[in-house]
Student: 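I am attaching a structure below and will ask some questions about it afterwards.
Along the sequence shown, the residues carry numbers beginning at 1.
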Amino acid sequence: MKISNTTTSSGFESSVCYNTFDSPWSSGTFFSHHHPLHSPASLLLLQMFLILSLRGLLRLILRPLSQPAIISDVLAGIIIGPSGLGRYPLFKKVFPPQAWTVTRILGIIGVLFHIFNEALKEDLHYVLSSGRKEVIISVSGYFVSNFSTFVVGRSLMHFGYLPKNINRMHLLDSLSGFLALTSFPVLRPILSEFNLTTSQLGRLSMTLAVINTLLGTTLSIVYSSIRHVRMHPEAPEVGVYHFAAHVAMFILLLTLVRPLMLWFIKKAKEGRRMPSIFVNLSMLVVLLTGMLSDMLGTVLRAPIWLALMIPTGPPLASALIGKTEVVCRMLLVPFFFAANGQHFNSWAVLIGDGWQTFWCLQLFFFTACLGKILGTILPALYFKMHFQDSLALSIAMCVKGIFELVIFTDWLNLNMLNASQLVSLELSLLGGTAIATPCLRMLARQRPRRWSSNHWRCISQSDQPDTEFGLLACIHDRGDVPTVLHLAKSNIYLSTKKTPTQLFILHLVNRIGHGIPMLIRHKESNHSLRPSMVEKLDPIFSSFLKLERHSRGGVVLCPFTSVSLYKAMHEDVCRVALDNKVSLVILPFWKHTLTYSTTRINVGSDHGWQGRNIVVRKVLEEAPCSVGVLVDNDCSRTSCLVGSFRIGLVFLGGPDDREALAYASLMVDNPGVKVTLLRCNLLSDRDEGFNVERVLDDECIGEFRLKTCSHEGTVYDKEAFATSVEELVSSIRGIGTDFNLMMTGRRHSCHPEVEVALSSWRETEELGVIGDFLSSSDFAKNSVPVLVIQQRSMVPLWAIHGNNIGSNRQSKLMMKNLNDTLFL
């Protein structure tokens, strides 16, 4: 038994008895006379169970109220502390005083790696390349909030309303600078939790938060050095040493640790995982920098600097996050909140001038948030941002979290805060974040989508001699390049089109180890890239850059890179398609039942095809233009293609099939493209009499025949009449497989019996019944690539096709008569 005298944060001295344990493990309740919780291991595991259970329960209750996880974590710690269950003697046996030392240490380690991981996800190069808009908005929000809080504090001090316990200049200055800070390790998890990181609001707010954090931490070092000079006038060199030590630590990280990390990355082989020894050494470096930072007065500053110096993404950053994120965030960080709850004693507010302190600090927090909102909204409106977006951005800059709690604990240990001030500041944190997060989510949801029906485009609109045709091809890896490349070659117009094809290549990168989702445009439209810049870009773009140079102006390439989560990549796809007036989006699709070549096995082994197919599914729902789903069953076959490009088109009828025929009509302008059209007719449909869809199909087929009558190799002598679905399938199988590409429409609503008959064995919803059959082994054993096209048609079909398909006066008059007939 050991007795130790301690002084609490309230100034009272207490004696605590600490039990000494011979072993951390129990020898068994039945073989010893100790109670079950005498063992430190059993006690720690029980504490972990209670903390995680309470946190999960609160999370389950508060999530429907749009509350982030940080609220549940803080409330769980408060409930365990002396303001909640910690008041009862029975509960104190589960959390005895001697156990809190281990709990605090585990919590500090968890917070260290959690903050490091959050900083590791941010791309500092992306932030440093921010424009004048982001810098001005971030700096304005910080200084307006800082200045307004400082003015209010000095005014209360001048008129004698400021309590004596906070009537100290160093505390007032620290509060004004600290409350103006927006830390990105706090904001990023909240945005990610509500799926806002990939939106324009999320991207901009994360950029502002990183700039704000770098600015605030730099100024805090300067101010803390000045504060040391004020507190120790007899030894002013202490402040100089403090500032010099931070500068030396930064230089050490930049000149020694960063080159070491870059050497680790260089040694890792391309496309493979980082060796475990390099990952383990990197974790040891993180612990070492945390120790050095703690020796200088803070445990978080050096790990944040180190993380920002490490390149984001694979191999190193992704490996570090994968090794530590789950364990630290789910197991160790809750210990920090439990230990923080021990400092939260709500009864301290009732002692002395606690109430006056409470209301003054609430006023400070409200003033800081108001200054933050005004300082962010006004510059945002100046840069012509929408008011609703500006308001949501300013609210996002007001959230607080774990970073602030660490600072509170540090100030409490330095006697800059007492118990009542700590309670007041934590209540401000809880209230401000609990109000700001639902407001942010509501504003983000109410913002209407930019791609409305007024901006929808289809391929038929591009079937004019002087109309630009925009093609957006999405690529995940190098295995997608061969088929997309040859598909792009078929869009080089050499005969009738006077305008070049606008080819937009969007490389989709899964965001592993990235914090800010990025949409990077590698060059401006109509500006070619120099050959020396090819190596600096993604290697995937090299083949398309060569195509642009050899097309003699037939193709203008605009490469993009999207770094985002699979569940949010569709927003970048739709945004690029809308901003550049794209008529067709090409998306690669994987069927997990297919046998892939060697280059695809590595992709499918980790079930990456599931996330990539989610992108296809969401783009089909929300794209502002037509969508082509490309199934390339064997990229090795397609990569060997030379000479002509043979296309087989299966036409059943309907808007999607007409859109596929419109695309084939554009490609046939290229002399190297040969199209074989198979039109399948069900005799039962012919007996139904007048049908609008069939009239539109006949007109579209007639225009295609008229256009291709002089083209060699274009075949239209294949028209099948079937009395049943079985005969229809046999007719499709009889077209043969001697093609480089098969095309069809996705939906066939005009033939419901076909949809019903073939839906029982359909494997994928995204391809439709005919597209799924063409991509299966039942149709072709030699793996023919399949392109399934869906038209963006959410308005009446006769309105769309009456304006787009009918190119002559007679056609338009016929469509007018059809409209009159239908409305009658």
Student: Kindly assign one of parallel, tilted or perpendicular to the pair F504 and F560, based on the angle between their ring planes and the thresholds 30° and 60°.
Tutor: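 Judged by the thresholds at 30° and 60°, the geometry between F504 and F560 is tilted.
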Student: If every non-hydrogen atom of D656 is compared with every non-hydrogen atom of Q791, which pair is closest and at what distance?
Tutor: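 That closest heavy-atom pairing would be OD1-N, 2.9 Å.
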Student: Carefully, step by step, assess R747 and Q790 under the rule side chain to side chain contact (heavy atoms under 4.5 Å, CB included).
Tutor: CA-CA 7 Å; R747 298 164 299 188; Q790 170 186 288; 3.4 Å; yes
Student: Go through the steps for I190 and L196 under the test side chain to side chain contact (heavy atoms under 4.5 Å, CB included), then give the verdict.
Tutor: CA-CA 9 Å; I190 293 177; L196 298 177; over 6 Å; no
Student: Side chain to side chain contact (heavy atoms under 4.5 Å, CB included) with L472: which of V576, N580, L503?
Tutor: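 So the option named by the test is V576.
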Student: CD1/I475 to CZ/F541 distance, rounded to the nearest 0.5 angstrom?
Tutor: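 Going from the CD1 atom of I475 to the CZ atom of F541 covers 7.5 Å.
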Student: Side chains of R612 and M569, heavy atoms from C-beta outward: is any pair under 4.5 Å?
Tutor: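 The answer is no; the side chains never approach within 4.5 Å.
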Student: Let's go through E621 and H570 carefully: what are the C-alpha distance in whole Å and the side-chain angles of both, what is the deciding distance for side chain to side chain contact (heavy atoms under 4.5 Å, CB included) to 0.1 Å, and is it a yes or a no?
Tutor: CA-CA 10 Å; E621 296 173 357; H570 66 285; over 6 Å; no
Student: Residues in salt bridge (Lys or Arg N to Asp or Glu O under 4.0 Å) with E134, at least two apart?
Tutor: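 Per chain and number, E134 pairs via salt bridge (Lys or Arg N to Asp or Glu O under 4.0 Å) with no residue.
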Student: Please walk me through it: do V675 and M667 pass side chain to side chain contact (heavy atoms under 4.5 Å, CB included)?
Tutor: CA-CA 9 Å; V675 179; M667 289 193 294; 5.8 Å; no
Student: Over all heavy atoms of both residues, which pair between L201 and D389 is shortest? Give the atoms and the distance, please.
Tutor: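 So the minimum-distance heavy-atom pair works out to CD1-O, 4.0 Å.
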Student: Nearest heavy-atom pair of E766 and V629: which atoms, and what distance?
Tutor: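 Looking at all heavy atoms of both residues, the closest pair is O-CG2, 4.3 Å.
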Student: To the nearest 0.5 Å, what is the distance between CZ (F704) and CZ (R658)?
Tutor: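 CZ of R658 is found 15.5 Å from CZ of F704.
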Student: Rounded at 0.5 Å granularity, tell me how far CG in D657 sits from CD1 in I770.
Tutor: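 CD1 of I770 is found 8.5 Å from CG of D657.
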Student: Would you call V788 and V631 a side-chain contact if the rule is heavy atoms closer than 4.5 Å?
Tutor: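 Contact flag for V788/V631 side chains = no.
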Student: What pair of heavy atoms forms the shortest contact from A317 to P311, and how long is it?
Tutor: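 Reported closest heavy-atom pair: CB-O, 3.5 Å.
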Student: Determine whether F278 and I265 make a side-chain contact, defined as any pair of heavy atoms from C-beta on separated by less than 4.5 Å.
Tutor: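 Result no, sub-4.5 Å side-chain heavy-atom pair not found.
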Student: Which distance, rounded to the nearest 0.5 Å, do you find between the OG of S665 and the CG of L677?
Tutor: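 S665 atom OG to L677 atom CG measures 11.0 Å (nearest 0.5 Å).
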Student: Keeping the roles fixed (side chain from D572, backbone from S562), state whether a donor-acceptor pair exists under 3.5 Å.
Tutor: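 No, the answer is negative, given that no donor and acceptor are paired below the 3.5 Å cut-off.
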Student: Using every non-hydrogen atom in the two residues, find where V585 and V582 come nearest and quote the distance to one decimal.
Tutor: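 Answer, listing the atom of V585 first, then V582: CG2-CG1, 4.3 Å.
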Student: Does L649 reach the side chain of F739, with side-chain heavy atoms less than 4.5 Å apart?
Tutor: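 They are not in side-chain contact.
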Student: Can you tell if the side chain of L204 reaches within under 4.5 Å of the side chain of K133, non-hydrogen atoms only?
Tutor: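 Sidechains of K133 and L204: in contact.
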Student: Under 4.0 Å between a side-chain nitrogen and a carboxylate oxygen: does that hold for D772 and R746?
Tutor: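 Not counted as a salt bridge, because no side-chain N and carboxylate O are separated by less than 4.0 Å.
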Student: Under 3.5 Å, is there a donor-acceptor pair between the side chain of T676 and the main chain of G648?
Tutor: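 Not a single qualifying donor-acceptor pair exists.
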Student: So, S626 and E659: side-chain donor and acceptor under 3.5 Å apart, yes or no?
Tutor: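 There is such a pair (donor and acceptor under 3.5 Å, judged by atom type) between the side chains of S626 and E659.
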Student: Between the main-chain N or O of R646 and the side-chain N or O of N740, is there a donor-acceptor pair closer than 3.5 Å?
Tutor: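 Here the side-chain-to-backbone pair exists.
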Student: For a 4.5 angstrom cut-off between non-hydrogen side-chain atoms, does S282 reach F264?
Tutor: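 Result yes, sub-4.5 Å side-chain heavy-atom pair found.
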Student: Hey, what do you get for CG (L508) to NE2 (H476), rounding to the nearest 0.5 Å?
Tutor: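 Between atom CG of L508 and atom NE2 of H476 there are 5.0 Å.
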Student: Can you list the residues that meet the ring pair (Phe, Tyr, Trp, His ring centres under 6.0 Å) rule with F194, with sequence neighbours excluded?
Tutor: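 Counting only residues at least two positions away or on another chain, F194 forms no ring pair (Phe, Tyr, Trp, His ring centres under 6.0 Å).
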Student: To the nearest 0.5 Å, tell me how far Y566 OH sits from N613 CG.
Tutor: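 Spacing of OH (Y566) from CG (N613) equals 10.0 Å.
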Student: Of the non-hydrogen atoms in A119 and F184, which two are nearest, and what is the gap between them?
Tutor: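 Result for this residue pair: CA-CE1, 3.5 Å.
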Student: If you define the side chain from C-beta out and look only at heavy atoms, does anything of V786 sit under 4.5 Å from F589?
Tutor: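 In short, these two side chains do not touch, never coming nearer than 4.5 Å.
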Student: Are any non-hydrogen side-chain atoms of L191 and S205 less than 4.5 angstrom apart?
Tutor: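 They are in side-chain contact.
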Student: Would you indicate whether K618, at its atom NZ, is surrounded by more than 12 heavy atoms from other residues, nucleotides or ligands within a distance under 6.0 Å?
Tutor: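 Yes, the 6.0 Å shell around NZ holds more than 12 heavy atoms from other groups.
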